[in-house]
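Every value quoted in this text rests on a predicted model; they were computed, and no experiment measured them. Sequence lines set the chain letters: A, B, ... in the order given, protein chains first and strands last, and positions in each chain run from 1.
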There are 2 protein chains.
Amino acid sequence: MSQAEAPGAEIVSQRVKRRGPAPASRTNLRAVAQHAGVSAATVSRVLADSESVRPETRDKVLRSVAELGYVVNGLARAMTGRGKQIVAFLVSEMVGPSFAALANGVEQVASENDAMFVLCTTHGDAERELEWVTLMAQQRAAAVLLVGASPMGEQHTSRLKRYLQELDPVGTRLILCGHPPSPDLPRIASISYDNHGGAYELTRHLTDLGHRKILFVGAEPNQSTVSDRLAGYQKALADAGIAADDELIIGGPFTIDGGYDGITLAMNRNLDFTAVLGASDAVSIGALRALKQAGKAVPGDVSLVGIDDVPLTADLTPALTTVHVPFEELGRMTAAVALGLTGEQAEHIELKTELVIRESTGHPPVTE
Amino acid sequence: MSQAEAPGAEIVSQRVKRRGPAPASRTNLRAVAQHAGVSAATVSRVLADSESVRPETRDKVLRSVAELGYVVNGLARAMTGRGKQIVAFLVSEMVGPSFAALANGVEQVASENDAMFVLCTTHGDAERELEWVTLMAQQRAAAVLLVGASPMGEQHTSRLKRYLQELDPVGTRLILCGHPPSPDLPRIASISYDNHGGAYELTRHLTDLGHRKILFVGAEPNQSTVSDRLAGYQKALADAGIAADDELIIGGPFTIDGGYDGITLAMNRNLDFTAVLGASDAVSIGALRALKQAGKAVPGDVSLVGIDDVPLTADLTPALTTVHVPFEELGRMTAAVALGLTGEQAEHIELKTELVIRESTGHPPVTE
DNA sequence: TTGAAAGCGCTACCAA
DNA sequence: TTGGTAGCGCTTTCAA
């Protein structure tokens, strides 16, 4: 270290105090300034593309930057409020095409707006979720997105309150995505889509074809998405004058295996049905597998429908009739709200869904 | 602001200087200290779970923290070197099940090790990729993961050099995931899998069944993954004593549509083939669609194989014979290297792939 | 147009 | 066990 350059007369002896916390890089803004023979302020201005700096000075600085391989410290920058915004995407599992489309939508808008997309998975663990929320509060994230269905009810509300408690003081927004507004916490923005309507249309399509015994598979209890879908299904049945039959509602998880097991169970129970409504496309895919194995023709013997319209459903045999959910749009909307691009007040947006009729539905077989 | 507390004799008048850069929260560690009647150092110790603090003091502090709704500033903390590590996952598009499995693997290991998983998409835009690398260097990320195949050759090398130039000075690791080592830059760690061997086995399976005219669809030019797969295919043909026929190699993107278009093209050209090797499962799915539309039976008329073994391939009709790629494992490995869990030196790991025979392959039809 | 210097909020050293 | 305090690296007045 050259100490000859100090212009001051008296040399303060043990001024040198070292405590390198960031051991990686020793080249900081000050070093660049020194190298370029200007002040730190000037370097900062150059880096911030500030107008008021003479071209020659700027060049000099930039040359030093290059020469020293200097990279601004975004962390320090963030501390002064000039950092990148963070949009945190909290989801249970990073699986499935719907997740991908949704995340893509969020990421697009985030990076269009110069924000950083941070993905956090909870694996359904409430503790982990809280940890993420806390971390994001600490990082002063712009927004935390709670993505996907989560359990409803009292417990959920108090959980959200807990989150708010951490996020509010630091100004981080909390947003529900794919989940209806929490009635007790209307302040929390929510971007969701019409699960009820989608399931209604789907069921209606089935009853219009003449089906009267329609199995609902994948009724995971106490979960907003499913319960809305279930409600839509029930409403459509009622409107068609079909009596509710709880036997036809099969529980189980929202997965391929869940669908497979659900159908297997239904057949073991000798349930009588001519159509199956999977609570999601994944469920329907599993259902299809089970149906095929049992030698049932789709839609000859049994009609099958799903919900979500994930990409590959069109490539199944038969191509699946389903409800299209605009996941990417949902993501874009959510990010827009997260970044405050849509106005200030709490928002509750519900996107429309759309029935897509393909090959897996037909008239019920004529029973004699 | 109380100015009475200044112990100095002379009161400098316009000392009050305000410039609130973080407008959200005014409660900082100092505020907590004041509220609790202790020093900042003590609060810091409590928050860091340091041993040397009396229980009563700790309680007092924690009470103040709760009362004030204080949340530590992770940014400031990061500046002193105590921040969360960042693992940045750079990928072209956030699509497909293979992406999900891979990302999941990385995320798992990252959060097991208390690091933050940041997902960045480039949409195939080199400029965007560089921007991300720069940002991550600024954020002092622990590692940047370049995920997925990327073009090969001279240009690629100089691109990597450019990245290194930004990442090296700040100690951020650069890692290639799903991409073989760069011959010119052996320092850069790479975690990949055996594309050549996978394609070889697959082709071998086909030739063993008696196929001699095997179409390769999805030969996107100048891309490491494909070129390795293509090489494996060619090697297997050669080993089976089958002459190479470039006509049978169809270009096009690595997607469902790419597969569809590829087959359509091949049939328009009246190409003679009894089996199709899709460069990826997506390609094969598209190929299957086209084949079906043309009235070809699979595997009766044409055998079809893919590579990747993405979840839904088992649910196609017929279930697809493919090569299983351990994406999640790949992700876990990559993250481990990224976080330096495996030793210090540059690593080049190649994971094994495995042939999965399902229903889409059979003997070629007997031609008379 | 440029420089000096005061923070931003936290951690860690050194004394007490 | 606790407090004082000097940084970490940057931005931004204020004055020159």
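Nucleic acid contact for B/T42: sugar-phosphate only, since backbone atoms but no base atoms lie under 4.0 Å from a heavy atom of the residue. No engagement by B/V43 is indicated, since no non-hydrogen atom pair under 4.0 Å with the nucleic acid exists.
Nucleotide C/dG7 holds its P atom 13 Å from the CE atom of A/M79, rounded to whole Å. Going from atom CZ of A/R30 over to atom C1' of D/dC8 covers 10 Å, rounded to whole Å. Between the CG atom of B/L75 and the C1' atom of D/dC8 there is a distance of 13 Å, given to the nearest Å. Between A/L47 atom CG and D/dT12 atom C1' the separation is 15 Å, expressed in whole Å. Distance CD (A/Q34) to C1' (C/dG3): 14 Å, rounded to an integer number of Å. The distance between atom CZ of B/R58 and atom P of D/dT1, rounded to the nearest whole Å, is 11 Å. For the pair A/D49 CG and D/dT12 P, the computed distance is 13 Å after rounding to whole Å. Taking atom CG of B/L29 as the reference point, atom P of D/dT5 lies 16 Å away to the nearest angstrom.
A sub-4.0 Å separation between OP1 or OP2 of D/dG9 and a side-chain N or O of A/N73 is absent. Distances shown here put a side-chain N or O of B/R54 below 4.0 Å from the OP1 or OP2 atom of D/dT2. The phosphate of C/dT2 (OP1 or OP2) has no side-chain N or O of A/S52 nearer than 4.0 angstrom. Distances shown here put a side-chain N or O of B/T57 below 4.0 Å from the OP1 or OP2 atom of D/dT2. Taking 4.0 angstrom as the limit, B/S39 places none of its side-chain polar atoms (N or O) nearer than this to OP1 or OP2 of D/dT2. For C/dA12, one of the phosphate oxygens OP1 or OP2 lies less than 4.0 angstrom from a side-chain nitrogen or oxygen of B/R82. At the phosphate of D/dT11, OP1 or OP2 sits under 4.0 Å from a side-chain N or O atom of A/R77. Considering only side-chain N and O atoms, B/T80 lies nowhere under 4.0 angstrom from the phosphate OP1 or OP2 of C/dC10.
Ion pair A/K161/A/D168 not flagged as a salt bridge, since none of the NZ, NE, NH1 or NH2 atoms sits closer than 4.0 Å to an Asp/Glu carboxylate oxygen. A/E56 and A/K60 are not joined by a salt bridge, as no carboxylate oxygen comes within less than 4.0 angstrom of a charged side-chain nitrogen.
Between B/Y70 and B/L47, the closest heavy-atom pair is CE2-CD2, 3.5 Å. Closest approach of A/V32 and A/V61 over heavy atoms only: CG1-O, 4.3 Å. A pairwise comparison of heavy atoms in A/T334 and A/C177 identifies OG1-SG, 3.3 Å as the closest pair.
Here the side chains of A/F99 and A/V91 are in contact, with some heavy-atom distance below 4.5 Å. For the pair A/E107/B/L119, no side-chain contact is recorded, criterion being any heavy-atom separation below 4.5 Å from C-beta on.
Among the nucleotides D/dG9, C/dT2, C/dC10, the one closest to any side-chain atom of A/V53 is C/dT2. Minimum atom distance to the side chain of B/A41 is reached by D/dT5, of the listed C/dC10, D/dT5, C/dG9.
Here the side chain of A/S92 pairs a donor or acceptor atom with the backbone of A/G124 at under 3.5 angstrom.
Within residues 59-69 of chain A, no residue approaches DNA chain C, by heavy-atom distance under 4.0 Å. Annotation: proximity of residues 130-139 of chain A to DNA chain D (heavy atom, distance under 4.0 Å) is found for no residue.
A rotation axis mapping the C1' atoms of four pairs onto the next four is fitted at both ends of the helix from C/dT1-D/dA16 to C/dA16-D/dT1 over five pairs, and the angle between these axes is 30° to 10 degrees.
Around CD of A/Q155, the count of heavy atoms belonging to other residues, nucleotides or ligands within 6.0 Å does not exceed 12.
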Review point. Where do A/M136 and A/C120 land on the side chain to side chain contact (heavy atoms under 4.5 Å, CB included) test, with the steps shown first?
Key: CA-CA 10 Å; A/M136 288 306 138; A/C120 324; 4.3 Å; yes
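Considering CG of B/L174 and CD of B/E166, their distance stands at 11.0 Å, rounded to 0.5 Å.
Of the candidates B/V133, B/L145, B/V147, B/V133 is the only one forming a side-chain contact (heavy atoms from CB on, under 4.5 Å) with B/L90. The side-chain contact (heavy atoms from CB on, under 4.5 Å) test with B/R332 is passed by exactly one of B/N104, B/V109, B/V337: B/V109.
Side-chain atoms of A/R140 and base atoms of C/dG9 include no donor and acceptor less than 3.5 Å apart.
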